[in-house]
Engineer: 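Below is one structure. I have some questions about it.
As the structure is a computational prediction, the values presented were derived from the model and not from experiment.
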Amino acid sequence: MMPKVLVGCTGSVASVKIPMLVDGLANLPCQPEVQLVSTKHSRHFFDAEKVNCRVYTDEDEWESWSNLGDPVLHIELRRWADMMVIAPLDANTLAKLAAGICDNLLTCIVRAWDVQRPLLFAPAMNTHMWHHPLTAQHIHTLRGFGYTEIPSVIKKLACGDTGKGAMAEVPTIIAEVERVLNKPTT
């Protein structure tokens, strides 16, 4: 059975790498089915028409429901996915997830997530945001939920600053997803 991987992306410049990430995941040997949930601000950095999978937005959440008994998209996507990967995870959404705020499709899925299933996250933010004390607290909280961090890296950022905070490279994210998918279940 093909695993189902739900990718979430947020408003970081690293979202420019979404097409490459989706293609890389879809081409893993286990041939996972991949779907994407994108926040409004993430779509500033990539063309959804050039992503080789279904792309969900906040609008889909509200347009798919009209009556009691209709499916609720964030619950349906949570049920569908075997694994969730949030890459990039910007500072704003990191803070929301750590606080349990669910004000868009992505954060609602995470709030409803079955913590027995893997959720991986790859932080991406400016190096000064990375070094803010709240960032360490928020990452610690997500790890406490049982989520797996794919650590950010040091490099020259899109803003010109150099330092830690850049999203892990796409091959690193893909390798971690593959590792978790191949992990024996207990």
Side-chain angles (χ1 to χ4, degrees), residues 3-28 31-64 73-74 76-78 80-97 102-110 113 118-127 129-130 142 147-178 180-181:
K4 296 175 180 139
V5 178
L6 185 61
V7 176
C9 63
T10 65
S12 163
V13 177
S15 285
V16 300
K17 298 178 180 181
I18 283 299
M20 184 172 41
L21 177 61
V22 166
D23 287 348
L25 292 172
N27 289 318
L28 283 171
Q31 299 180 311
E33 186 178 345
V34 179
Q35 295 190 48
L36 177 68
V37 174
S38 62
T39 65
K40 177 181 178 182
H41 294 110
S42 72
R43 289 188 303 281
H44 179 76
F45 300 106
F46 69 94
D47 181 352
E49 299 291 321
K50 295 183 178 172
V51 177
N52 294 319
C53 72
R54 173 70 158 93
V55 178
Y56 292 97
T57 65
D58 293 342
E59 293 76 21
D60 294 317
E61 172 92 290
W62 297 106
E63 291 170 4
S64 66
L73 184 58
H74 67 271
E76 293 303 313
L77 289 170
R78 184 223 6 121
W80 174 84
D82 298 311
M83 167 191 285
M84 185 166 195
V85 181
I86 307 172
L89 175 58
D90 65 12
N92 182 52
T93 306
L94 171 63
K96 288 181 182 184
L97 297 179
C102 43
D103 63 352
N104 61 35
L105 179 58
L106 176 62
T107 57
C108 285
I109 293 166
V110 176
W113 191 251
L119 187 148
L120 289 66
F121 65 97
M125 63 196 72
N126 173 273
T127 192
M129 296 170 89
W130 176 261
L142 266 58
Y147 303 161
T148 302
E149 178 188 8
I150 304 170
S152 65
V153 296
I154 297 169
K155 69 182 232 182
K156 185 171 184 175
L157 305 173
C159 65
D161 290 348
T162 299
K164 184 143 181 159
M167 184 176 80
E169 295 299 327
V170 169
T172 302
I173 296 168
I174 292 168
E176 183 62 12
V177 169
E178 184 174 32
V180 172
L181 286 173

Engineer: Calculate, to the nearest 0.5 Å, the distance between atoms NZ and CG belonging to Lys4 and Leu77 respectively.
Structural biologist: 11.5 Å
Engineer: Give me the one residue out of Val110, Thr148, Leu6 that meets side-chain contact (heavy atoms from CB on, under 4.5 Å) with Leu119.
Structural biologist: Val110
Engineer: What are the two closest heavy atoms between Asp82 and Pro118, and how far apart are they?
Structural biologist: O-CD, 3.4 Å
Engineer: Can you tell me how far apart OG1 (Thr162) and NZ (Lys156) are? Round to the nearest 0.5 Å.
Structural biologist: 6.0 Å
Engineer: Side chain to side chain contact (heavy atoms under 4.5 Å, CB included) for Asn104 and His41? Distances and angles first, verdict last.
Structural biologist: CA-CA 11 Å; Asn104 61 35; His41 294 110; over 6 Å; no
Engineer: For residues Gly8 and Leu106, report the shortest heavy-atom separation together with the two atoms involved.
Structural biologist: CA-CD1, 3.9 Å
Engineer: Taking Arg43 for its side chain and Ser38 for its backbone only, find out whether a donor-acceptor pair lies under 3.5 Å.
Structural biologist: yes
Engineer: Cys53 and Val22: which non-hydrogen atoms are nearest, and at how many Å?
Structural biologist: SG-CG1, 3.7 Å
Engineer: Return the CG to CD1 distance between Leu25 and Ile174, rounded to the nearest 0.5 Å.
Structural biologist: 5.0 Å
Engineer: Please determine which of Val13, Asp161, Asp90 meets the side-chain contact (heavy atoms from CB on, under 4.5 Å) test together with Asn126.
Structural biologist: Asp161
Engineer: What's the spacing between Tyr56 OH and Leu36 CG if we round to 0.5 Å?
Structural biologist: 10.5 Å
Engineer: Main chain of Leu73, side chain of Glu61: is a donor-acceptor contact present, judged purely on distance under 3.5 Å?
Structural biologist: yes
Engineer: Distance check, rounded to the nearest 0.5 Å: Leu89 atom CG versus Ser12 atom OG?
Structural biologist: 9.0 Å
Engineer: Looking at side-chain heavy atoms only, is the closest gap between Leu142 and Glu149 below 4.5 Å?
Structural biologist: no
Engineer: Is the backbone N or O of Pro88 less than 3.5 Å from a side-chain atom of Thr10, with the two atoms forming a donor-acceptor pair by type?
Structural biologist: yes
Engineer: To check you understand the geometry: which heavy-atom pair defines the closest contact between Ala168 and Val153, and what is its length?
Structural biologist: CA-CG1, 4.2 Å
Engineer: Surrounding CH2 of Trp80 (heavy atoms of other residues, nucleotides or ligands, distance under 6.0 Å), is the total greater than 12?
Structural biologist: yes
Engineer: Closest heavy-atom contact between Cys9 and Ile18?
Structural biologist: CB-CD1, 3.5 Å
Engineer: Could you check if a side-chain atom of Ile173 sits within less than 4.5 angstrom of a side-chain atom of Met167, using non-hydrogen atoms only?
Structural biologist: yes
Engineer: State, yes or no, whether a side-chain contact exists between Leu97 and Trp113 at a heavy-atom distance under 4.5 Å.
Structural biologist: no
Engineer: Does the side chain of Met125 reach to within under 4.5 Å of the side chain of Leu94, using non-hydrogen atoms?
Structural biologist: yes
Engineer: Could you check whether Lys40 pairs with Asp58 (Lys NZ or Arg NE/NH1/NH2 to Asp/Glu carboxylate O, under 4.0 Å)?
Structural biologist: no
Engineer: Show, in sequence, the C-alpha distance, side-chain angles and deciding distance for Ile86 and Thr93, and conclude whether the side chain to side chain contact (heavy atoms under 4.5 Å, CB included) test is met.
Structural biologist: CA-CA 10 Å; Ile86 307 172; Thr93 306; 5.6 Å; no
Engineer: Glu169 versus Lys17: any side-chain heavy-atom pair under 4.5 Å?
Structural biologist: yes
Engineer: Out of curiosity, Met129 CE to Ser152 OG, how far, rounded to the nearest 0.5 Å?
Structural biologist: 12.5 Å
Engineer: Which pair of heavy atoms, one from Val7 and one from Ala87, lies closest together, and at what distance?
Structural biologist: CG1-O, 4.5 Å
Engineer: Under 3.5 Å, is there a donor-acceptor pair between the side chain of Thr127 and the main chain of Lys164?
Structural biologist: yes
Engineer: Do side-chain atoms of Asp23 reach the backbone of Met20 as a donor and acceptor pair under 3.5 angstrom?
Structural biologist: no
